[in-house]
Amino acid sequence: MKKYFVSVFLVISIFLFISCSEKNNTLSFTAMDTFMTIRSSGKNCVNANKAAQARVEKIENLISVTKESSEIYRLNHKLTESFELSDETFYLMKYALDGAYKSNGAFNPALYPVTKEWGFTTKQYQVPDENRINEILKLTDYTKIQLQETEHKINCSYGMMFDFGAIGKGYAGDQIIEVLKENGIQSAILDLGGNIQLLGKKTDGSEWKIGLKNPFGGDVPVALSVSDCAVITSGGYERYFTGNDGKQYIHIFDGRTGKPVENNVVSATIVTSKGIYGDYLSTTTFILGKDGAVELWKKSGDFDFIMMFDDYSICYTKGLEGKISIFGAFSKIQVIE
Ligand code: AMP
Ligand code: MG
């Protein structure tokens, strides 16, 4: 009889252990103008996801360009030359300015007066004339911005305005992963409006299978088997308007010209360890095009990329071999070595 009870106890314990350790929770919410989903597995997944959502909302309250109480809104509407930033906003400003220098201004967090003029902030789209663009471009000179490390102050002239739209979601993803880890989570997948970030592997120990969006519409053209990394995509198809001239103008700008990017790239996907880096690179490689992306890839050696072009061709870097599956009927597939 005693043996019987021991066996029953063991079976119940094993059942409880399995059901606790394999608990999953999926939380979806809208933040930073993006529909976000966090799916995590582990004992504490419900609380972990809630804490992660709270973390994202805190970031949004710092860097939103539209919330009047945000730090970036107040910076963008300041009347003084000097403005004190919180540790977190200072870190993002430093990161973004560094990106501007590294890309010779193709990427530029101070581009907001330009994107605003084109109507991307209000959806009242317009194509400004050349003189107006050149006039506003003068407000985006990132080399005139000074950061005071000790006091966390930024000095810049009146009229300069900032937007972390190109790195914010990647940064938020990194912070979500940190919060999940602090809550004991070892396996999670985040979808932040098409930015995918992965913590660990799937609970069965296998790699995650990530499908990339088809920029031309239709089925998934490319899938990746990856874990513990960020898969971040920039695409012109995400937001654009059609001008009176019949041309399509996308939301990704070339900081050097003050105009929406017009090249043959339709999407740029970065695979790397950190979301903020992937987000910076997805926007920057989109602007620079294939040659610029290859140059960056050869120089840095710490990311891989996939680029799709308007002639239905695709290229990807050799680090993705063995991880990438191509289903789309591309006109050409090139592996960059
Ligand atoms: P992403 O989707 O990550 O490529 O980011 C695009 C967003 O970044 C846009 O909606 C703008 O808010 C902002 N942006 C556009 N062009 C640039 C640029 N050249 N440098 C920095 N941010 C930009
Ligand atoms: Mg980006």
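Quick note: numbers below take in every heavy atom, side chains included, and nothing from hydrogens, waters or symmetry partners. For ligands, and for the atoms within them, numbers begin at 1 and follow the listed sequence.
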Considering the heavy atoms of D163, write down every atom of ligand 1 situated less than 4.0 Å from one of them.
11 (C), 12 (O), 13 (C)
Give me the nearest non-hydrogen protein atom to atom 20 (N) of ligand 1 as residue plus atom name, then the distance to 0.1 Å.
N108 N, 2.9 Å
Taking atom types as modelled and ignoring hydrogens, do the side chains of S41 and N24 form a donor-acceptor contact shorter than 3.5 angstrom?
yes
If two hydrophobic side chains count as joined below 4.5 Å and joins carry through other members, does L97 share a cluster with Y171?
yes
Identify all side-chain donor-acceptor contacts of residues 190-197 below 3.5 Å with residues at least two apart in sequence or on another chain.
residue, atom, partner, partner atom, Å
D191, OD1, G193, N, 3.4
D191, OD1, G194, N, 2.9
Q197, NE2, D174, OD1, 3.1

Among the heavy atoms of E238, does any lie under 4.0 Å from an atom of ligand 1?
yes
In degrees, rounded to 10 degrees, what angle do T283 atom OG1 and A166 atom O make at the Mg ion (ligand 2)?
100°
Under 4.0 Å between a Lys/Arg side-chain N and an Asp/Glu carboxylate O for K259 and E130?
yes
Any salt bridge linking E88 with R55? Criterion: basic side-chain nitrogen under 4.0 Å from a carboxylate oxygen.
yes
Heavy atom under 4.0 Å from ligand 1: found in A96's side chain, backbone, both, or neither?
neither
Pairs of nitrogen or oxygen atoms closer than 3.5 Å, one from R239 and one from ligand 1: do any exist?
yes
For residues Q334 and K290, is any side-chain donor paired with an opposing acceptor at under 3.5 Å?
yes
Yes or no: does G99 have any heavy atom under 4.0 Å from an atom of ligand 1?
no
Is there a path from W208 to V222 through hydrophobic residues (I, L, V, M, F, W, Y) whose side chains come within less than 4.5 Å of each other?
yes
For A166, is at least one N or O under 3.5 Å away from an N or O on ligand 1?
yes
How long is the straight-line distance from OG of S86 back to CD of E71, given to the nearest 0.5 Å?
3.5 Å
Using a distance threshold of 2.8 Å, state whether an N, O or S atom of S234 lies below it from the Mg ion (ligand 2).
no
Measure the OG-CD1 distance between S267 and I314 for me, rounded to the nearest 0.5 Å.
7.5 Å
Is there any N or O on S234 that sits under 3.5 Å from an N or O of ligand 1?
yes
For T283, the ligand 1 atoms whose distance to one of its heavy atoms is below 4.0 Å:
1 (P), 3 (O), 4 (O), 5 (O)
Report yes if F253 has an N/O atom closer than 3.5 Å to an N/O atom of ligand 1; otherwise report no.
yes
Proximal ligand 1 atoms for I287, defined as those under 4.0 Å from one of its heavy atoms:
19 (N)
Min N/O separation H251 to ligand 1 under 3.5 Å:
yes
If you measure from each non-hydrogen atom of L111 to ligand 1, which part falls under 4.0 Å: side chain, backbone, both or neither?
side chain
Rounded to the nearest 0.5 Å, what separation is found between the CD atom of E151 and the CD atom of E84?
7.5 Å
